[in-house]
Amino acid sequence: MEREEVAALDPARYGLIDRNKLYNVNGIVWLNSVEDRIIGKTEAMFPLSEIVHHLRSVYVGRIAFEYMHSPIKSERLWWSHLLESSAKGPWQPLSKDEKRKIWSLMMHSEVFDRFLQAKFPNFKRYGLEGAESMLPALDSLFHAASQGEDVFIVYGSVACFFADQSMSL
């Protein structure tokens with residue numbers, strides 16, 4: 001399916017025509033880490049063609065990011081930095097190992113769900129229908145939290161179906 005071109009994404013609209021001209025993207029595009037900027041590695045010259053390619057690879061794809069509605073400027077800057085400077089962001093394809101891990105999480109959850117149905121057929125219970133995407137998200141969150149020095153995670157829910165998620169993680 002072909003996408004309709006958005007006029008606001010065309011560099012010519014802003015007077016940027018020469019695709020080979022070098023531009024200093026410091027403060028415009030987040031290519032370096034915050035640490036690099038603090039210690040003075042701030043010069044970043046790129047041709048317009050590479051800048052456009054980088055930004056399109058981040059913002060124009062199968063996954064969309066909406067964060068400009070946030071009234072907090074630091075939060076918007078954090079999002080743009082995360083998306084533009086990550087070598088492997090959420091828009092990148094998953095490796096086979098990552099796909100297997102997600103599949104394994106979902107299959108464990110499904111098996112546990114079927115076990116509960118067989119063991120307690122007369123009880124009302126809530127499966128993961130519609131909440132499967134929470135498994136890899138929570139797994140990533142718990143993995144990132146476990147990388148810190150002090151790890152203490154409090155996980156609570158208001159519905160019974162989260163027991164299925166908790167058991168899978």
Side-chain angles (χ1 to χ4, degrees), residues 1-107 109 128-155 162 165 168-169:
M1 184 163 111
E2 198 63 33
R3 286 182 194 229
E4 183 179 322
E5 191 64 32
V6 179
L9 299 177
D10 184 13
R13 178 178 179 168
Y14 307 101
L16 304 172
I17 298 172
D18 185 4
R19 296 188 60 81
N20 295 320
K21 183 178 178 183
L22 295 177
Y23 292 93
N24 184 356
V25 296
N26 234 1
I28 300 170
V29 179
W30 296 92
L31 296 174
N32 300 330
S33 67
V34 174
E35 294 80 19
D36 287 346
R37 291 175 57 92
I38 290 172
I39 61 174
K41 294 182 183 176
T42 58
E43 192 67 24
M45 301 294 285
F46 288 94
L48 179 62
S49 59
E50 284 187 38
I51 297 168
V52 169
H53 174 72
H54 176 69
L55 292 176
R56 283 188 178 274
S57 71
V58 172
Y59 293 109
V60 182
R62 288 182 261 166
I63 296 179
F65 302 99
E66 294 186 26
Y67 59 88
M68 293 307 288
H69 64 278
S70 174
I72 304 167
K73 183 179 180 181
S74 61
E75 190 175 287
R76 293 191 309 268
L77 287 173
W78 180 86
W79 272 109
S80 65
H81 181 260
L82 173 75
L83 297 173
E84 293 173 12
S85 66
S86 293
K88 180 168 173 63
W91 59 91
Q92 300 294 334
L94 297 172
S95 70
K96 284 189 176 186
D97 289 338
E98 291 169 321
K99 288 179 183 179
R100 280 190 186 110
K101 184 175 183 179
I102 291 171
W103 180 84
S104 176
L105 284 170
M106 291 189 180
M107 288 303 104
S109 173
L128 270 180
E129 290 83 18
E132 294 90 355
S133 61
M134 288 295 291
L135 289 174
L138 288 172
D139 182 59
S140 295
L141 179 68
F142 294 162
H143 177 73
S146 71
Q147 301 302 311
E149 292 180 19
D150 298 323
V151 178
F152 186 73
I153 298 173
V154 177
Y155 178 70
F162 280 112
Q165 282 183 336
S168 297
L169 297 172

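Heavy atoms only: backbone and side chains are in, while hydrogens, waters and symmetry mates are out. The model shown is predicted, which means the values in this text are computed figures rather than measured ones.
Across every non-hydrogen atom of Ser70 and Arg76, the tightest pair is O-NH1, 2.6 Å. Listed here is the closest heavy atom pair of Leu135 and Leu105: CD1-O, 3.8 Å. Nearest heavy-atom pair across Leu48 and Pro11 is CD2-CB, 4.1 Å.
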Go through the steps for Tyr67 and Leu83 under the test side-chain contact (heavy atoms from CB on, under 4.5 Å), then give the verdict. CA-CA 11 Å; Tyr67 59 88; Leu83 297 173; 3.7 Å; yes
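Applying salt bridge (Lys or Arg N to Asp or Glu O under 4.0 Å) to Asp97 and the options Lys101, Lys99, Arg100 leaves one that passes, Arg100.
Rounding to the nearest 0.5 angstrom, the gap separating the CG atom in Asn24 from the CZ atom in Phe46 is 10.0 Å. A distance of 11.5 Å separates CG in Leu77 from CD1 in Ile72, rounded to the nearest 0.5 Å. Separating the CG atom in Asn20 from the CD atom in Glu50 is a distance of 10.0 Å, to the nearest 0.5 Å. Note that CE of Met45 is 9.0 Å distant from NZ of Lys21, once rounded to the nearest 0.5 Å.
Between Asp10 and Arg13 there is no salt bridge, since no side-chain nitrogen of the basic residue lies less than 4.0 Å from a carboxylate oxygen of the acidic one.
Counting non-hydrogen atoms of neighbouring residues, nucleotides and ligands closer than 6.0 angstrom, the CD atom of Gln147 exceeds 12 such neighbours.
Glu98 places a side-chain N or O within 3.5 Å of a backbone atom of Ser95 that can act as its donor or acceptor partner.
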